[in-house]
Amino acid sequence: MVVKKEHFPEKPIETITPRFIQTVCARLANNTQVRRILPDKGRVHIDRQLPFLLVYRRPPNRHDPGTESLVKGQASYLVASGNRRLRPSLSELIRNIVETLSPEFGAFLVLELWAGQDVASDEQADDRVANPGFRIIIPREGGPTRTIETLGKSLRSLRIRKMQSEVEIVSSRKIGPVGLPPLLSAAELRSLGCHLMGLEVRPIYRSATNGQVFPLVRRALVHELTQSLLVTFFQFARTQTTRNPPHYHVMGRRAVVKAVWDVDRRLAEISNAFDFLLQVTPVNSDTAYATFKRKHFESPPVFHYRPQPADPSQLKRKLWNIPIERIEDPTLAQLFREKRDELDKQLTMLLHIESSEFVHGGLQLFGKVDKNLMQLAEELIRRIPPRSREESRRVYLGAKAFSSRVENEFRYYSQTHPQLKATVQIRDDMYSGLMVSRSDLLIGKNLKVPASRVEALIQHEVGTHVLTYFNGRAQPFRLLYSGLAGYEEMQEGIAVLAEYLVGGLSPPRLRTLAARVIAVQRLIEGATFIDTFRHLNEVCRFTQSAAFTISMRIYRGGGFPKDAIYLRGLVRLLDYLKQKRPLEPLFVGKIALEHIPIIRELQLRKVLTPPLLRPRYMDMPNTVENLKQLNRGLSVLDLIKGEEN
């Protein structure tokens, strides 16, 4: 991966000189990134030695809003002015680029993209978006057949706002936009071993009336078209060159430029400016329970929260000033936009803590409880008895003893990676809970852990939450340790699975996770804290203390539906493993299940590296056999059958 933060020259060049061309080609010959300004706000970006170049020339006599962005997602592209005075030197630059790279691959492809005619007003009434449309222009004497077929097939499957694309393949003696000559002559193409193709794009991303760009349509088209072109370049490489890339993502961008680092840094700074979970967790849960009990559980408890270290309104202002639109790579831009939206929701919730608006933000972040999840929760409550052998043994570790065991776990990882620094803190403001804050494990002063659950909790908190934090820190993007949008569900799913893999996912633990789902559903339906507490205590038969703790977690801040994700994450993870998919990619950082294809893409592009740390439990004797069982398709209910028998 190229991590050099390269800056453009301070003054744009006025012409493409022989010396400029020589410099570009010398860098390409050394397989070094090229990112240079061209005259009239043009640009050449070539990530590394690649067998293709995507070209866009701005029309010299008219505006062409939105089209330039269609090419910038590729690892090798050139944007230039179509001005007559630049045509000879531009052709010379392209010819030298091809001459440098074609011998490396045995063939080369130049694909020029341009906008077709604007959609007529009667076809785009009221500026409604028309169907995406493409014309593939190929030489009359033919071209790389399988590459052309791949491009046509990929574009036909492209959908924008659920509208099917229209694709036409046209052979022509002239390949290029109307009014502009071909980039290279037929004789030059033959001598260079180069293929030239054209792609005319219907400009559905702008208004035919006034040229105003529709940003969301353009964004969708950029994303879909970038993937289609990657598949096409991959097919060309496999069938026309001496290379045999393993996957089409290998053809994607590797170099990460200054705009990406800047956005990543600024998002991480805002994310690190507050600890969302800590801010919405009461500091007086122990005294609140004592008061609640003294009043015979008839008066709702009053919770107090930590002072906020930053003004959410100011952070929101900074958040929306981050120029994500400057990022050319559509995959990275998508990840950053998702994180920005999530941070915005979290900050809005902090502005409305202890108000009715708080719970609405929580539902946007964590979702509702669907019918299947609710049925599973109710079935777990029904099948698992309220008291168990685990509880009857009454052998517990207190906060200090548990802290010592956690420190031993930290030492295990620091033996191979001494640079990893993590701490354990026993806190007076947490009563009896556990919480990971970045690399630190926070322990409530009155914590009591059943001896049979100690290893499970360590692997939940350290083997998952702390470990993925450090794995994320080892990646080039800070977003991987602060967490991609929606990562919590899969994090908790992995953490609960870790409990199972080390033999510590007890029936009472599953029963508690089920009760959290039921409590979230009651919150959504409008039940009060006291209503839910009584339901858990009298109907589900939890102790008063346990019913209070579950209710507190769900009603904190004004209503916090996060706790349904533990059971839902476990269900989704078991479905994932049933497909015989590997667990290891989930340890790369704090990611959601939906991000696995994107993470795989970035790894193939060598933007991301494999996980630095492997959970200790993955090397335990029973883990391999347990994973084999899960690959055969166990459900959550299957996990408790052994206890029932």
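The structure presented is a predicted model; accordingly, all values stated were derived computationally and were not measured.
Between the side chain of E68 and the backbone N or O of R58 there is no donor-acceptor pair closer than 3.5 Å. In terms of modelled atom types and a separation under 3.5 Å, the side chain of R438 and the main chain of N272 share a donor-acceptor contact. For the pair N471 (side chain) and L613 (backbone), a donor-acceptor distance under 3.5 Å is present. Under the 3.5 Å distance criterion, the side-chain polar atoms of D264 are matched with a main-chain donor or acceptor of L479. Between the side chain of E104 and the main chain of Q49, no donor-acceptor pair closer than 3.5 Å is present. S91 places a side-chain N or O within 3.5 Å of a backbone atom of L183 that can act as its donor or acceptor partner. Judged by distance alone, with hydrogens and angles left aside, the side-chain atoms of N31 form no donor-acceptor pair with the main-chain N or O of R48 at under 3.5 Å. Side-chain atoms of Q74 do not come within 3.5 Å of backbone N or O of G252 as any donor-acceptor pair. When atom types are taken as modelled, the side chain of T15 and the backbone of T17 share no donor-acceptor pair closer than 3.5 angstrom. No donor-acceptor pair under 3.5 Å is formed between the side chain of R57 and the backbone N or O of A80.
No hydrogens or angles considered: nothing links the side chains of K339 and S271 as a donor-acceptor pair under 3.5 Å. No hydrogens or angles considered: a donor-acceptor pair under 3.5 Å links the side chains of N244 and R238. Judged purely by distance below 3.5 Å, without hydrogens or angles, the side chains of S69 and Y205 never pair a donor atom with an acceptor atom.
Here the side chains of Q212 and R206 are not in contact, with every heavy-atom distance at 4.5 Å or above. Between T331 and R605, some side-chain heavy-atom pair lies under the 4.5 Å cut-off. Two residues are said to be in side-chain contact when any heavy atoms from C-beta on lie closer than 4.5 Å; L612 and F470 fail this criterion. When side chains are defined from C-beta on, W114 does not count as touching D64, because their heavy atoms never get closer than 4.5 Å. The shortest side-chain heavy-atom distance between R27 and R36 falls under the 4.5 Å cut-off. In this structure, V55 and V71 have side chains that are not in contact, with every pair of non-hydrogen atoms separated by 4.5 Å or more. The closest side-chain heavy-atom distance from F234 to T150 is not below 4.5 Å. The shortest side-chain heavy-atom distance between P144 and M197 falls under the 4.5 Å cut-off.
To the nearest 0.5 Å, atom NE2 of residue H223 and atom CG of residue L158 are 10.5 Å apart. Between atom CG of residue L54 and atom CG of residue L199 there is a gap of 8.5 Å, rounded to the nearest 0.5 Å. To the nearest 0.5 angstrom, R156 atom CZ is 9.0 Å from L151 atom CG. Here the CG atom belonging to L225 is positioned 6.5 Å from the CG atom belonging to L113, to the nearest 0.5 angstrom. Atoms CG and SG, on N96 and C25 in that order, are 4.5 Å from each other to the nearest 0.5 Å. Here the OG atom belonging to S76 is positioned 7.5 Å from the CG atom belonging to L101, to the nearest 0.5 angstrom.
Enclosure of atom CD in Q22 is not indicated, since only 12 or fewer non-hydrogen atoms of other residues, nucleotides or ligands lie within 6.0 angstrom. The number of heavy-atom neighbours closer than 6.0 Å to CD of E141, taken from other residues, nucleotides and ligands shown, is above 12. Open room surrounds NZ on K318; 12 or fewer heavy atoms of other groups in view lie less than 6.0 Å from it.
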Would Q491 and K590 count as a side chain to side chain donor-acceptor pair (under 3.5 Å) if you check the C-alpha gap in whole Å, the side-chain angles of each, and the deciding distance to 0.1 Å?
-> CA-CA 7 Å; Q491 271 280 295; K590 297 187 180 294; 3.1 Å; yes
**OP:** Carefully, step by step, assess D344 and W320 under the rule side chain to side chain contact (heavy atoms under 4.5 Å, CB included).
**Re:** CA-CA 9 Å; D344 180 68; W320 287 98; 3.0 Å; yes
>> Go through it in stages, so that I can follow the logic: the residues are E112 and Y56, the test is side chain to side chain contact (heavy atoms under 4.5 Å, CB included), and I'd like the CA-CA distance, side-chain angles, deciding distance and then a yes or no.
In response: CA-CA 6 Å; E112 182 168 14; Y56 164 72; over 6 Å; no
Could you walk me through whether R266 and D262 pass salt bridge (Lys or Arg N to Asp or Glu O under 4.0 Å), step by step? CA-CA 6 Å; R266 292 167 69 175; D262 180 57; 3.3 Å; yes
I'd like to know whether N131 forms a side chain to side chain contact (heavy atoms under 4.5 Å, CB included) with I204, so could you lay out the CA-CA distance, the side-chain angles of the two residues, the decisive distance to 0.1 Å, and finally the verdict. CA-CA 7 Å; N131 289 56; I204 63 170; over 6 Å; no
Original post:
Going through the checks in order, is the side chain to side chain donor-acceptor pair (under 3.5 Å) test met by T147 and Q240?
Top reply: CA-CA 9 Å; T147 302; Q240 299 292 322; 5.1 Å; no
Step-by-step side chain to side chain contact (heavy atoms under 4.5 Å, CB included) determination, V256 to W261 | CA-CA 7 Å; V256 180; W261 299 122; 3.5 Å; yes
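The pair E149-R146 does not count as a salt bridge, with every side-chain nitrogen at least 4.0 angstrom from each carboxylate oxygen. Checked for salt-bridge contact, E224 and R159 miss the test: no charged N lies under 4.0 Å from a carboxylate O. Contact check on R95 versus E99 returns a salt bridge, with a Lys/Arg side-chain nitrogen under 4.0 Å from an Asp/Glu carboxylate oxygen. In this structure, R202 does not pair ionically with E168, as no charged nitrogen and carboxylate oxygen lie closer than 4.0 Å. Using a cut-off of 4.0 Å between Lys/Arg side-chain N and Asp/Glu carboxylate O, R85 and D40 are scored as salt-bridged.
The two residues L180 and G82 make their nearest non-hydrogen contact at CD2-O, 3.5 Å. In terms of heavy-atom proximity, L350 sits nearest to Q308 at O-NE2, 3.0 Å. Annotation for G198 and I175: closest pair N-CG2, 3.5 Å, computed over non-hydrogen atoms. Contact detail for R35 and R253: the closest heavy-atom pair is NH1-NH2, 4.0 Å. The shortest heavy-atom contact between P323 and V263 is O-CG2, 3.9 Å. Across every non-hydrogen atom of A75 and L50, the tightest pair is CB-CD1, 3.5 Å.
Ring pair H249/H247 is parallel by interplanar angle, where below 30° counts as parallel and above 60° as perpendicular.
Among residues two or more places apart in sequence or in another chain, the side-chain hydrogen bond (donor to acceptor under 3.5 Å, both in side chains) test is passed with Y487 by none. R219 pairs by the side chain to side chain contact (heavy atoms under 4.5 Å, CB included) definition with L216, R337, not counting sequence neighbours.
For Y469 and Y481, the gap between ring centers is short of 6.0 Å.
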